Amino acid sequence: MSYKIGQVIKGKITGIQPYGAFVSLDDQTQGLIHVSEIQSGYTKNIHQYLNVGETVKVQIIDIDEYTEKISLSLRTLMMHPAPPSLHRKRYFTNRNKHIGFRSLAENMPIWTKETYEALQENAAAKIKDGNQ
């Protein structure tokens, strides 16, 4: 049988590996559903979704013209793909206080003065040690 990219066909799961599931499309042709094509989002354990001997409806997403390997997908046939995970923004301070850089601006002159005084004391001590 001749297969084309985008074609939806039925196949039988013949083997499962950590990286994907092998599907027999006919007597001579086999394809692979990569773990990333089983569902939208992260798939921790393929065995939760597929079993050897199970018949599945898959879509052909790629055919390598040199090796003739067929890449299959279950994910493209899903009606309701998983929503993207929401990444929560993390703040180092309380964002409700609206402080921003104000604390830095207020403390910078104090820190500068303290550092300048410490450098002067250090320089004076070196001069005193050098003269003795």
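The model shown is predicted, which means the values in this text are computed figures rather than measured ones.
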[X] side-chain N/O to [Y] backbone N/O, donor-acceptor pair under 3.5 Å:
X      : Y      : answer
Thr29  : Leu25  : no
Glu117 : Gln120 : no
Asn122 : Ala118 : no
Thr43  : Asn45  : no

Kindly indicate whether the side chain of [X], heavy atoms from C-beta on, has any atom under 4.5 Å from the side chain of [Y].
X      : Y      : answer
Ile70  : Leu32  : no
Gln30  : Thr14  : yes
Tyr116 : Glu114 : no
Val52  : Phe22  : no
Asp26  : Tyr3   : yes
Leu72  : Val56  : no

* **Minimum heavy-atom distance between Ile110 and Glu106, given as atom pair plus value** => CD1-O, 4.0 Å
* **Closest approach of Glu37 to Ser73 (non-hydrogen atoms, all atoms of both residues)** => OE1-OG, 2.6 Å
Which distance, rounded to the nearest 0.5 Å, do you find between the [atom1] of [X] and the [atom2] of [Y]?
X      : Y      : atom1 : atom2 : value
Ile33  : Gln39  : CD1   : CD    : 12.5 Å
Leu74  : Leu50  : CG    : CG    : 6.0 Å
Ile46  : His34  : CD1   : NE2   : 8.5 Å
Ser103 : Met108 : OG    : CE    : 10.0 Å

* Take Trp111 and Leu104 through the test side-chain contact (heavy atoms from CB on, under 4.5 Å) and record every step on the way to the result. => CA-CA 10 Å; Trp111 296 332; Leu104 290 174; 3.9 Å; yes
* What residues form a side chain to side chain donor-acceptor pair (under 3.5 Å) with His47, not counting sequence neighbours? -> none
* To do: Apply side chain to side chain donor-acceptor pair (under 3.5 Å) to Ser71 and list each qualifying residue two or more places apart in sequence or on a separate chain.
  => none
Show the atom names and distances, to 0.1 Å, of all donor-acceptor pairs under 3.5 Å that link a side chain in residues 57-68 to residues at least two apart or in another chain.
{"from": "Gln59", "atom 1": "OE1", "to": "Thr76", "atom 2": "OG1", "distance (Å)": "2.6"}
{"from": "Gln59", "atom 1": "NE2", "to": "Gly6", "atom 2": "O", "distance (Å)": "3.1"}
{"from": "Asp64", "atom 1": "OD1", "to": "Tyr66", "atom 2": "N", "distance (Å)": "2.8"}
{"from": "Asp64", "atom 1": "OD1", "to": "Thr67", "atom 2": "N", "distance (Å)": "3.0"}
{"from": "Asp64", "atom 1": "OD1", "to": "Thr67", "atom 2": "OG1", "distance (Å)": "3.4"}
{"from": "Thr67", "atom 1": "OG1", "to": "Lys69", "atom 2": "N", "distance (Å)": "3.4"}

* Cluster link Ile5 to Val23, ILVMFWY, side chain under 4.5 Å -> yes
